[in-house]
Every structure is written in C-alpha cells, then in structure tokens.
Amino acid sequence: MAHTFHNFIGGRWAPARSGRTFANSNPATGEVLGEFPASGPEDVNDAVEAAAGAYPAWRLTPAPRRAEILFRAGEIMRARKQDLARAMTREMGKVLAEAGGDVQEGIDMAFHAAGEGRRMHGVTTPSEMPDKWAMSVRVPIGVVGVITPWNFPFAIPTWKLLPALVAGNTAVFKPASETPKLAWHLASILEEAGLPAGVLNLVFGNGAQVGDPLVADPRVPVISFTGSTEVGLSIATRAGALGKRVALEMGGKNAVIVMDDADLALATEAILWSAFGTTGQRCTACSRVLVHERVHDELVQHLADGARALRLGDGLDPATQVGPLINRGQVERVQSYVKIGFDEGAKLVAGGVPATEGALAKGCFFRPTVFAGVRPDARIAVEEIFGPVLSVVKVKDFAEAVRINNASRFGLSSSIFTRDVNRAFAAMRDLDTGLVYVNHGTTGAEIHLPFGGMRGTGNGHREAGHTLLDPFTEWKSIYVDFSGRLQRAQIDIV
Ligand code: NAD
C-alpha cells in the first residue's frame, strides 16, 4: 500500500476535506509512490484563512529572525541532499546528478534569500525641504499564492517561497500534481526549521480545483506562477481583472547559434546537454540550433551521432544519461510533433520514436531526436515541445541567426558559439532573451542572477538574483518633517 500524504494548513497535516486522493508514480517504472489529497476550493479557503491569520505576526517578526529559519532550512536541505535527489528522480525521472542540481539550487536559494534578512535595503535621499527626512522601504504584501510546475519540483518552489517568506509575506503553495512528494519534503523541512504555523500552507490538487480558487481569492493579492504559457496567460487574465500582482515564468523555445568559427566539439557537447538534459523538459532547454551554412553538415553529423549514443534508462542508474518523460501524455505529445516534423518536410537524423526495449517498456522513454533541414518558421522550430526534440536550422550569417532567434514568441534563453569577441559582444547586445550565454548551452542559470524571460515567456518580473524580492514586496516612501511647521512640497520653495 502506498503511503498517504496530507495537506499542510495552519501548521497541521490533514487530508482534503472531501477525503479524496490522487496517486503519483515513477515515470521510469510506473510504480505508485504515494497518495496525496485531491483538494478542492474548501481546502484552499482553509489555507488562505490560515495564511491571512498568520500574516500580522509574521510581518512584524524582524527580518533577521525570519531569515534564521531559512538558514536552518538550508542546512536541513544540505544534510538531506542525496535523499531529496533520489526522491526527485523517482518522482519525475531526471537523472540523479541533475536531481542533485535541482536540490542544490534550493539550498543556494535558501542561503541567498536568508541573506536578505540582514539586507533588504531601502533608499534614503535628501528632501527638497529643510528639516525633513525622506526614505523608501520595502514592505511585504500579504498572502502570496505560489503555483509551480513539475520539471524543477524543488528549485522553483524555493525561488518563490523563500524570497516571499523572508520579506514577511505568508504563502499558499500549490505544487504540480505530477510532483507532490518534493513539495511535501519542502514544506516538512520548513516546518522542521521552525516556521510558525500558517506562514506556509501547502495544498495538493489540480489546477481547476486548487489553482483556480487560489487565483480567484480576494485575500491573495500576489500570484507567482511558473508553467506553460497557456495556463499562465489565463491566470494573468483572471488575476489581472481582480487587480492582483501576477509574476509569470512561462514557456521557452531556446536557440543555440553556432557560427563558422565556433569550437564545434564544444558546441556539440553543450547542445546535447542543453537539448537532452532533463529529457528536454527544461524551460531553458535548447530546442533550436541556428547554424552557419559553412559548418552545418559537420555539426548535424556530430549531433546525430551524439544523440544516438546517449544512454536511456532509470535516472537512479548512474550509467543513465537521459531519463523518461514525465508521463504517457508527454510521450504522445512528442510523438505528434515528430509527425508534424515529417509533414513539414524536415529530415530526421536521429531518434524519432519511443524507446521500448527491455525495462524501458515500463516507462515513458523517447529517443533523443534531431531534425535537420528545418525551416525557421516550421512548427517544430517555433512551438514549445518540452521533450527531447532538436531542430537544426541553416543560416547564412550572424544577422540572420539573430533575426530568427528574436522572431520567437518566447524569449527565455539563447546562446552563441563563436571565437570572435566582437561578434560575441554584438550577440550579448542583440539577442532578445532574458538569459544569454556565450560559448555555453542555454541551460545552467545561477540563482544569484535574475532569472526570467521576455515576450511570451514572462511579464517583466525576474526571480532570484538581486531582484528576488521584487515580485513579493511593495515600495513605501516615507517623509518625516521635523521642522515643526507646515512645509508644502513644490510650493514653499525658497
Ligand atoms: P502547466 O502550465 O500545465 O502547470 C503549471 C502549474 O499550473 C501546475 O501546478 C498546474 O496544476 C497549475 N494549473 C493548471 N491549470 C491551472 C489553472 N486553471 N489555474 C491555476 N493553476 C493551474 O505546466 P507544467 O506542465 O507543469 O510545466 C511545464 C511548463 O512550464 C513548460 O511550458 C515550461 O516551459 C514551463 N516552465 C517555465 C519555466 C520558466 O522559468 N520560464 C520554468 C519551468 C517550467
């Protein structure tokens, strides 16, 4: 019998009021891992009430004290890193080393966010009047609604929750239904670290039953969302109509540009890692290569050979390089895009089929796939597939590569391989994406730099970095007049 897990509301672990549950399973083996509450609006209501109730005291807890809890949480995460990584591999499939990286991001964020407890700098500035003091300070906003995807089931929730909490907000956290276990671990760690009851509330369940009511609740002024563009925009529409602040991190279609002077061996290695790491299920995954015509054929050959050589399997096996897709639905989606690629006249040079031999038959495996001869406006070159499918597009020159890169509906990450320093700087200036890499693939962001995308990827917010508190705080400007008389700004000018 699979273990049954509970929601965490007001400091208590409890089932959904309806008593209903759903199961999560291992995408490499099909094994059921646990039963989680299939919550509904009534559970969201309880969670928001608990978060709103905890807010007045948490807001007034000194920020360095709030931060101490986060430091403790970071220590616990560090001590349990291997266990958390194994739990993640079992739940969502990414290979163990990558799962360790996901947990490490959470550890890094715990310490980075906790450091803000003794910074959270404001601004003082001279007043235009004599005997008057002027300053701006950050203040928390209230109850933050956090909605997250399954592909970084530990890191992404920490990017949102830990900055929100250190700033003095309370939170209701709705994780993806595919990865409830890692959310359970995160909430348990924060509880163990000493977070007061009600400051963090965790409600399991699907988008319609839990996400929707959270977005609609008037007591939740901020929604921080990471996931697909389709869901993100629908949340923004509903939350925007209610006057809420909405921070969105959505889809990507990230390109690596390879110029004719590039180190092709390095570019090949980096593209394979960016395209097929996490089985292509990273928002920053490389899914397009824009390659100079002079090195096109050679690069395609290297990529095809490299993709075919990647070892598929259970991510717990140290020999595995590519794990499963998250579920059967995603296998079907990838398969349908391969058909679209054929129909569009692209040339398949590697993969293109599910992998079903031996033990792979029990899981959701798909062969790393490379298409060459892809038109820049083909659907496989512009739509997010979120799987191990790479489209190679031939370009005449740097200007054409930049044009194609920037024509994307999305704008998360891009990269260029070149040895020409002038071209590298032109690329840094001209590539319209929130992340730009030079001589590196499109993945590998570090948590102390702002993270987010332009156009269809986001709505102007940045997580992490020095901007980590921005989505979760308001600026308050304060004037203190110690002249003892009425001084009218802009009017009583001497
Ligand atoms: P998804 O949009 O299907 O789900 C994301 C979350 O939204 C889940 O918790 C889901 O239950 C919830 N949800 C679904 N419908 C909802 C509704 N009507 N109201 C409120 N919440 C709702 O995305 P996914 O499949 O979990 O994740 C994959 C997507 O996430 C990809 O598009 C990927 O690019 C994107 N992503 C983006 C970033 C980034 O930082 N830009 C990072 C990781 C993933």
Side-chain angles (χ1 to χ4, degrees), residues 22 24 27 36 38-41 44 91-92 94 102 105 145-160 172-180 182-183 202-217 220 223-239 242 244 246-254 277-287 325-327 329-330 333-334 383-387 408-413 433-435 442-443 445 447 449-465 471:
F22 67 94
N24 68 339
F36 291 82
S39 313
V44 175
E91 186 172 51
M92 66 72 65
K94 68 172 79 170
D102 190 322
E105 264 186 49
V146 167
I147 302 176
T148 56
W150 46 265
N151 66 334
F152 278 84
F154 196 75
I156 289 178
T158 64
W159 295 355
K160 298 175 183 302
V172 176
F173 171 28
K174 184 229 141 345
S177 305
E178 292 83 354
T179 49
L182 265 292
L202 168 63
V203 186
F204 298 104
N206 67 25
Q209 289 298 308
V210 177
D212 269 341
L214 185 58
V215 170
D217 195 304
V220 182
I223 300 291
S224 175
F225 168 86
T226 298
S228 63
T229 301
E230 187 193 359
V231 172
L233 293 183
S234 96
I235 288 177
T237 306
R238 283 174 287 136
L242 297 168
K244 298 191 180 202
V246 191
L248 303 173
E249 294 290 347
M250 304 182 286
K253 189 72 187 176
N254 313 292
T278 318
T279 323
Q281 303 169 113
R282 287 177 164 187
C283 49
T284 52
C286 166
S287 54
L325 286 162
I326 186 70
N327 53 35
Q330 200 56 24
R333 180 181 163 84
V334 171
E383 295 177 15
E384 184 181 50
I385 300 172
F386 222 54
S408 173
R409 171 189 185 201
F410 303 106
L412 183 53
S413 183
T433 50
L435 312 170
T442 53
T443 61
I447 63 98
L449 279 75
F451 184 92
M454 302 177 182
R455 299 190 296 289
T457 296
N459 63 341
H461 293 274
R462 289 292 181 272
E463 293 185 332

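In listed order, ligands and their atoms are each counted from 1. FYI, side chains are in, hydrogens and waters are out, and symmetry mates aren't considered; it's all heavy atoms of this structure.
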Query raised in the report: Of all residues at least two apart in sequence or in a different chain, which pass the side chain to side chain donor-acceptor pair (under 3.5 Å) check with Glu383?
Result: Tyr337, Arg379
Query - Trp159: side chain to side chain donor-acceptor pair (under 3.5 Å) partners, not counting sequence neighbours - result: Glu105
Output the distance between atom [atom1] ([X]) and atom [atom2] ([Y]), rounded to the nearest 0.5 Å.
| X | Y | atom1 | atom2 | answer |
| --- | --- | --- | --- | --- |
| Lys253 | Thr433 | NZ | OG1 | 15.5 Å |
| Lys244 | Asp217 | NZ | CG | 6.0 Å |
| Asn206 | Lys174 | CG | NZ | 7.0 Å |

Query raised in the report: Who pairs with Arg238 by salt bridge (charged side-chain N to carboxylate O under 4.0 Å, His left out), at least two apart in sequence or on another chain?
Result: Asp212
Pairs under 3.5 Å, N/O atoms on ligand 1 and on the protein: can you put them in a table with the distances?
from	atom 1	to	atom 2	distance (Å)
ligand 1	2 (O)	Ser228	N	2.8
ligand 1	2 (O)	Ser228	OG	2.6
ligand 1	9 (O)	Thr148	O	2.8
ligand 1	9 (O)	Lys174	NZ	3.2
ligand 1	11 (O)	Lys174	NZ	2.9
ligand 1	18 (N)	Asp212	OD1	3.3
ligand 1	19 (N)	Asp212	OD1	3.3
ligand 1	23 (O)	Ser228	N	3.4
ligand 1	25 (O)	Trp150	NE1	3.0
ligand 1	26 (O)	Trp150	NE1	3.3
ligand 1	30 (O)	Gly227	O	3.3
ligand 1	32 (O)	Glu384	OE1	2.6
ligand 1	34 (O)	Glu384	OE2	2.6
ligand 1	41 (N)	Met250	N	3.4
ligand 1	41 (N)	Met250	O	2.7

